[in-house]
Number of protein chains: 2
Amino acid sequence: MATGRTHRPATRSRGIPEATVARLPLYLRALTALSERSVPTVSSEELAAAAGVNSAKLRKDFSYLGSYGTRGVGYDVEYLVYQISRELGLTQDWPVVIVGIGNLGAALANYGGFASRGFRVAALIDADPTMAGKPVAGIAVQHTDELEKIIDDNGVSIGVIATPAGAAQQVCDRLVAAGITSILNFAPTVLSVPDGVDVRKVDLSIELQILAFHEQRKAGEEAAAEAAAVAQVPRESGKGPDGDVPAVMPA
Amino acid sequence: MATGRTHRPATRSRGIPEATVARLPLYLRALTALSERSVPTVSSEELAAAAGVNSAKLRKDFSYLGSYGTRGVGYDVEYLVYQISRELGLTQDWPVVIVGIGNLGAALANYGGFASRGFRVAALIDADPTMAGKPVAGIAVQHTDELEKIIDDNGVSIGVIATPAGAAQQVCDRLVAAGITSILNFAPTVLSVPDGVDVRKVDLSIELQILAFHEQRKAGEEAAAEAAAVAQVPRESGKGPDGDVPAVMPA
DNA sequence: CAGTGTGAATTTGTTCACAGCC
DNA sequence: GGCTGTGAACAAATTCACACTG
């Protein structure tokens with residue numbers, strides 16, 4: 001979502017909403033599972049359940065792609081798999097480089113979900129010279145010095161950054177300079193890139209923080225419920241690093 | 001998303017939009033960086049730039065938390081760090097269990113971003129008996145059999161699932177039965193959980209697929225730009241798009 | 001008649017623009 | 001003067017409900 005929309009020339013493109021694009025992979029996965037079980041057709045209701053969305057949303061999403069269903073029947077699984085794959089650009093091969101082969105980078109290199117969707121790990125790159133040559137997930141790690149050459153030789157347009165935060169921007173700049181136009185960033189930093197380069201980020205600690213927020217809210221509600229029963233208001237100021245509270249203005 | 005919350009809880013205006021909550025960790029990170037550099041105050045403009053959003057949005061977001069800024073000056077960094085932390089529930093300790101100690105699980109266990117934000121890895125759990133006792137990130141892996149006991153003993157309410165897709169739902173069910181109410185799911189599956197349990201998912205291959213979509217769109221635009229010399233059929237005439245749909249063409 | 005496809009209604013999120021305060 | 005805080009305008013996304021069709 002943070003990914004650069006905004007600058008869109010007058011050319012009326014095939015206006016698939018961003019929210020819809022983000023769900024297509026979900027539908028695709030559910031459809032693939034059905035396909036493997038040789039299910040020939042699905043209704044929007046069934047497929048929606050499998051993908052964890054509601055059926056109206058799913059039908060609306062599909063309507064942006066075209067009319068691929070049959071009224072009174074549902075959707076042809078194989079046909080829909082093909083159409084969504086095509087729409088997402090998965091019918092072509094996408095060579096990918098992963099930069100930063102630490103724990104996370106290695107996990108990514110080993111992740112099966114990549115290869116199975118047309119993404120091919122073209123190279124693993126790390127700044128540590130002692131890593132060079134070591135095989136990870138069956139691929140020899142290469143040194144950062146080779147970065148530009150690797151990207152050029154393999155026609156890579158998608159890069160994955162799994163370096164420490166401090167190195168991320170630098171790596172990003174080099175990737176962009178080398179011609180990469182899509183970046184998946186796992187480093188906990190905001191990357192700045194020129195127009196025309198897409199960045200998506202995956203941030204583990206942000207997801208946990210969002211969960212913590214909701215978790216806290218739940219706890220607060222329980223407490224409120226109890227308090228309501230007992231008719232007593234619990235103070236919250238006994239917890240946490242109170243000494244650290246900057247006394248600026250009282251709420 | 002939340003269970004039918006129609007009215008605001010009586011206490012205070014606790015109606016923070018989901019989109020805002022999702023950005024708070026971003027602001028917090030930018031603020032923490034400023035704090036470490038001993039910057040005393042920031043304007044919405046500066047902070048917004050650091051967090052990669054625009055300033056109007058940031059001010060609006062903060063307005064949901066309260067009036068923590070000073071007109072003509074900006075925001076007090078330390079004070080805001082505290083307020084956002086409190087809002088997110090990060091002033092308390094959140095014990096977390098990670099289930100599935102493969103490549104990804106190990107990466108998560110080693111990930112520094114957890115510990116630094118009040119998240120404490122209380123236990124690592126794996127189904128493989130040969131893993132039991134092995135230290136990962138300084139913590140001995142425990143067997144799945146112990147799952148319920150671990151959660152109970154440590155008062156864990158947040159679980160991270162990093163197992164293969166096939167095991168995820170089963171693990172999820174056990175976590176929920178054991179009392180966990182927030183789950184961060186890395187397995188490429190839709191988890192079904194009872195009401196009151198929050199699930200967030202991180203899906204590596206979905207992110208790549210979204211990038212591929214945009215990447216493809218860029219390539220298409222280049223082609224379109226080239227073809228602009230030649231007459232191009234304007235879309236958007238009738239109902240459905242497409243006259244270029246293959247009749248029936250499965251994978 | 002079951003189930004898609006879609007306008008219209010609603011909700012949620014973003015941006016604008018400026019009043020109000022320091 | 002500079003910058004926050006916020007109503008009001010705008011845009012995006014979701015949901016509803018039903019006409020239509022195989």
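Chain letters run A, B, ... following the sequence lines, proteins first, then strands; residues in each count from 1.
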task: Tell me whether the centres of the aromatic rings in B:Tyr79 and B:Tyr68 are closer together than 6.0 Å.
output: yes
Find the distance [X]:[atom1] to [N]:[atom2] and express it as a whole number of Å.
X	N	atom1	atom2	answer
B:Lys57	D:dT6	NZ	P	19 Å
A:Glu18	C:dT14	CD	P	13 Å
A:Arg23	D:dA12	CZ	P	15 Å
A:Leu65	C:dG5	CG	P	10 Å
B:Asp76	C:dC22	CG	P	16 Å
B:Glu45	C:dT15	CD	C1'	13 Å
B:Phe62	D:dC3	CZ	C1'	14 Å
B:Leu58	D:dC3	CG	P	14 Å

message: What's the separation between atom CD1 in B:Ile158 and atom OG1 in B:Thr181, rounded to the nearest 0.5 Å?
response: 7.5 Å
task: For B:Ala56 and for A:Asp61, find the nucleotide of DNA chain D with the closest heavy atom, then tell me which residue's nucleotide is more 5'.
output: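 Mapping each residue to its closest nucleotide by heavy atoms, the 5'-most match is B:Ala56.
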What's the closest nucleotide to the side chain of [X] if the choices are [options]?
X	options	answer
A:Lys60	C:dG3, C:dA8, C:dG5	C:dA8
B:Ser63	D:dT15, C:dG5, D:dT6	D:dT6
A:Ser43	C:dT6, C:dG3, D:dT14	C:dG3
B:Tyr64	C:dT6, C:dT14, D:dC3	C:dT14

- request: May I ask you to check whether A:Asp198 and A:Ser182 show a side-chain donor-acceptor distance below 3.5 Å?
  value: no
task: Check each of A:Leu211, A:Ile210, A:Leu204 against A:Leu208 using the side-chain contact (heavy atoms from CB on, under 4.5 Å) test, and report the only one that passes.
output: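 For A:Leu208, the side-chain contact (heavy atoms from CB on, under 4.5 Å) test succeeds with only one of A:Leu211, A:Ile210, A:Leu204, which is A:Leu211.
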query: Just checking A:Gly69: base, sugar-phosphate only, or nothing, at a heavy-atom cut-off of under 4.0 Å?
result: sugar-phosphate
- prompt: Base, sugar-phosphate, or nothing for A:Tyr75, non-hydrogen atoms under 4.0 angstrom?
  reply: sugar-phosphate
message: Does D:dT15 have its OP1 or OP2 closer than 4.0 Å to a side-chain nitrogen or oxygen of A:Asn54?
response: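 For D:dT15, OP1 or OP2 has a side-chain N or O of A:Asn54 closer than 4.0 Å.
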- prompt: Can a side chain N or O of A:Ser44 be found less than 4.0 Å away from OP1 or OP2 on C:dT4?
  reply: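 Answer yes for this pair, as a side-chain N or O of A:Ser44 is under 4.0 Å from OP1 or OP2.
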message: Using only modelled atom types and a 3.5 angstrom limit, is any donor from either the side chain of A:Arg71 or the base of C:dT4 paired with an acceptor on the other?
response: yes
- prompt: Just by modelled atom types, is the B:Ser55 backbone N or O under 3.5 Å from a matching donor or acceptor in the B:Glu45 side chain?
  reply: no
